[in-house]
Number of protein chains: 2
Amino acid sequence: MILSTKGRYGLKAVFELSMNYGLGPVSLRKISGKYSISESYLEQLFAKLRKEGYIETVRGPRGGYLLAMEPEKITVGMILRALEGDITTSECISKDVCSREAICATRVIFEKIENSISDVIDNITLADMQVKKNILMEETDEQETIS
Amino acid sequence: MILSTKGRYGLKAVFELSMNYGLGPVSLRKISGKYSISESYLEQLFAKLRKEGYIETVRGPRGGYLLAMEPEKITVGMILRALEGDITTSECISKDVCSREAICATRVIFEKIENSISDVIDNITLADMQVKKNILMEETDEQETIS
DNA sequence: ATATACCCTACTTAATTACTGGGGATTGTG
DNA sequence: CACAATCCCCAGTAATTAAGTAGGGTATAT
């Protein structure tokens with residue numbers, strides 16, 4: 001499993017905010033309830049996202065969280081990296097061997113993997129996710145729910 | 001860090017075998033010494049690869065490990081999956097919500113990530129790695145060792 | 001005033017990773 | 001044939017990370 005619950009829960013939750021963009025704040029309780037995620041755990045994830053400037057908060061009754069910018073401006077990569085840390089595959093096992101061999105054959109592979117992941121996550125915004133979702137839901141409607 | 005030492009050590013070690021393809025077995029001690037990997041740990045990784053049929057062993061003095069097939073026939077993906085298990089990004093957080101929503105917007109993302117990783121690792125063989133390495137080493141030779 | 005929300009830090013539990021150790025089986029070599 | 005080199009296998013352990021809990025504090029709409 002490449003992503004931990006941090007990234008998975010976090011992306012779901014942010015997507016939820018994005019679906020409510022422009023409609024005021026959404027409370028932790030609502031989101032954690034909907035996805036059965038521990039409220040306190042999710043709070044910690046949101047704290048990271050807030051520090052990175054992707055979400056904002058409104059305190060007090062009827063308060064909650066909201067996106068700090070348009071869904072078009074936030075990529076999946078921003079969220080995943082904020083929560084999971086940098087998505088790297090490897091550091092060199094032994095710098096010694098690496099420098100002796102001038103170039104590490106395996107490092108090339110790992111860099112390719114990293115780049116292909118970045119290609120995906122940096123090129124999908126929250127807005128894209130919403131579009132994608134709508135398209136897919138129409139498709140399933142037409143076909144009477146496959147799965 | 002997406003890959004653990006299992007995949008990283010393992011791929012290095014198998015690559016080492018591939019460089020010795022056709023020249024007889026290579027002992028654990030040599031490989032673990034070269035890369036400063038615990039002999040016993042590497043042994044466990046090799047055990048998995050042997051069970052999957054990628055490497056073979058010769059016991060007794062002058063024995064060791066060797067590829068069970070040509071480097072052209074073994075992909076990076078085979079090795080990484082044997083060692084790390086399936087490279088999946090996620091399971092659904094809550095089946096309930098997923099089915100209620102008909103389709104999970106985040107799942108689409110995770111599948112894309114998985115596919116792009118597979119694209120990379122299933123299309124590089126050990127033989128490719130060797131070629132790549134040679135090309136890169138020539139480049140560095142010409143330029144008087146950059147790093 | 002008070003209930004509803006976020007804010008923050010520390011602790012705990014569970015799982016996984018990354019080893020370590022040791023006894024056993026095979027086999028080429030002197 | 002003895003013996004050292006090598007793989008084989010299983011069990012244990014230490015370290016790290018992930019995942020979740022707990023609780024007291026602050027802001028604010030009503």
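Chain letters run A, B, ... following the sequence lines, proteins first, then strands; residues in each count from 1.
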Next on the checklist: Once hydrogens and angles are ignored, does a donor-acceptor distance under 3.5 Å link the base of C:dT20 to the side chain of B:Q44?
Outcome noted: yes

Do any N or O atoms of the protein come closer than 3.5 Å to N or O atoms of nucleotides 11-13 of chain C, and which pairs are they?
none

Item to check | D:dA18 OP1/OP2 closer than 4.0 Å to side-chain N/O of A:K6 | outcome: yes

Can you list, pair by pair, the side-chain donor-acceptor contacts under 3.5 Å of residues 39-59 of chain B, counting residues two or more places apart and other chains?
residue, atom, partner, partner atom, Å
B:Y41, OH, B:T5, OG1, 3.0
B:Q44, NE2, B:S40, O, 3.3

Checklist entry - Which part of the nucleic acid, if any, lies within contact of B:Y65, taking any heavy atom under 4.0 Å across all strands shown: a base, the sugar-phosphate backbone alone, or nothing? => result sugar-phosphate

All N/O donor-acceptor pairs, side-chain side in residues 22-33 of chain A, below 3.5 Å, sequence neighbours left out:
residue, atom, partner, partner atom, Å
A:S27, OG, A:K30, N, 3.3
A:S32, OG, A:L28, O, 3.2
A:S32, OG, A:R29, O, 3.3

Item to check | A:S38 side chain near D:dA19 phosphate (N/O to OP1/OP2, under 4.0 Å) | outcome: no

Checklist outcome for this item: Rounded to whole Å, CD of B:E56 lies from C1' of C:dT26 at a distance of 16 Å

Next on the checklist: Taking only side-chain N and O atoms of B:R29, does any of them lie within less than 4.0 angstrom of OP1 or OP2 on D:dC7?
Outcome noted: no

Item to check | Short side-chain N/O contact to D:dA19 OP1/OP2 from A:S4, under 4.0 Å | outcome: yes

Checklist entry - Just to confirm, is there a sub-4.0 Å distance from OP1 or OP2 of D:dA18 to any side-chain nitrogen or oxygen of A:Y9? => result no

Checklist entry - Are any non-hydrogen side-chain atoms of B:I79 and B:I74 less than 4.5 angstrom apart? => result yes

Item to check | With sequence neighbours excluded, residues passing side chain to side chain donor-acceptor pair (under 3.5 Å) with A:Q130 | outcome: A:S18

Checklist entry - Can you find a pair of side-chain heavy atoms, one from B:L11 and one from B:L3, that are under 4.5 Å apart? => result no

Checklist entry - Can you find a heavy atom in the side chain of B:K73 that is under 4.5 Å from one in the side chain of B:T125? => result no

Checklist entry - Of all heavy-atom pairs between A:M69 and A:Y21, which one has the smallest distance, and what is that distance? => result O-CE1, 3.5 Å

Show the atom names and distances, to 0.1 Å, of all donor-acceptor pairs under 3.5 Å that link a side chain in residues 110-117 of chain A to residues at least two apart or in another chain.
residue, atom, partner, partner atom, Å
A:E114, OE2, A:T89, N, 2.7
A:E114, OE2, A:T89, OG1, 2.6
A:N115, ND2, A:E111, O, 3.3
A:S116, OG, A:I113, O, 2.9

Checklist entry - Which residue, B:K51 or A:Y41, contacts DNA chain D at a nucleotide closer to its 5' end, judged by nearest heavy atom? => result B:K51

Checklist entry - When the distance from CG of B:L3 to P of D:dT17 is rounded to whole Å, what number comes out? => result 16 Å

Item to check | Options C:dC7, C:dA5, C:dA18, nucleotide nearest the side-chain atoms of A:S27 | outcome: C:dA5

Checklist entry - Could you write nucleotides 23-29 of chain D as a row of B, S and -, 5' to 3', where a protein heavy atom under 4.0 Å of any base atom gives B, of only sugar-phosphate atoms gives S, and otherwise -? => result --BBBBB

Checklist entry - When the distance from CD1 of A:I37 to P of D:dA19 is rounded to whole Å, what number comes out? => result 12 Å

Checklist entry - In whole Å, what is the span from the CZ atom of A:F46 to the P atom of C:dA5? => result 15 Å

Item to check | Whole-Å gap separating C1' (C:dA18) and CG (B:L42) | outcome: 13 Å

Checklist outcome for this item: Separation of D:dC7 atom P from B:L49 atom CG, nearest Å, is 14 Å

Next on the checklist: Using whole Å, what does the distance between atom C1' of nucleotide C:dT17 and atom NZ of B:K48 come to?
Outcome noted: 10 Å

Checklist outcome for this item: Rounded to whole Å, the CG-C1' distance (A:L28 to D:dG20) equals 14 Å

Next on the checklist: A:D122: which residues meet the salt bridge (Lys or Arg N to Asp or Glu O under 4.0 Å) condition with it, sequence neighbours left out?
Outcome noted: A:R81

Item to check | Heavy-atom side-chain contact between B:N123 and B:T75 under 4.5 Å | outcome: no

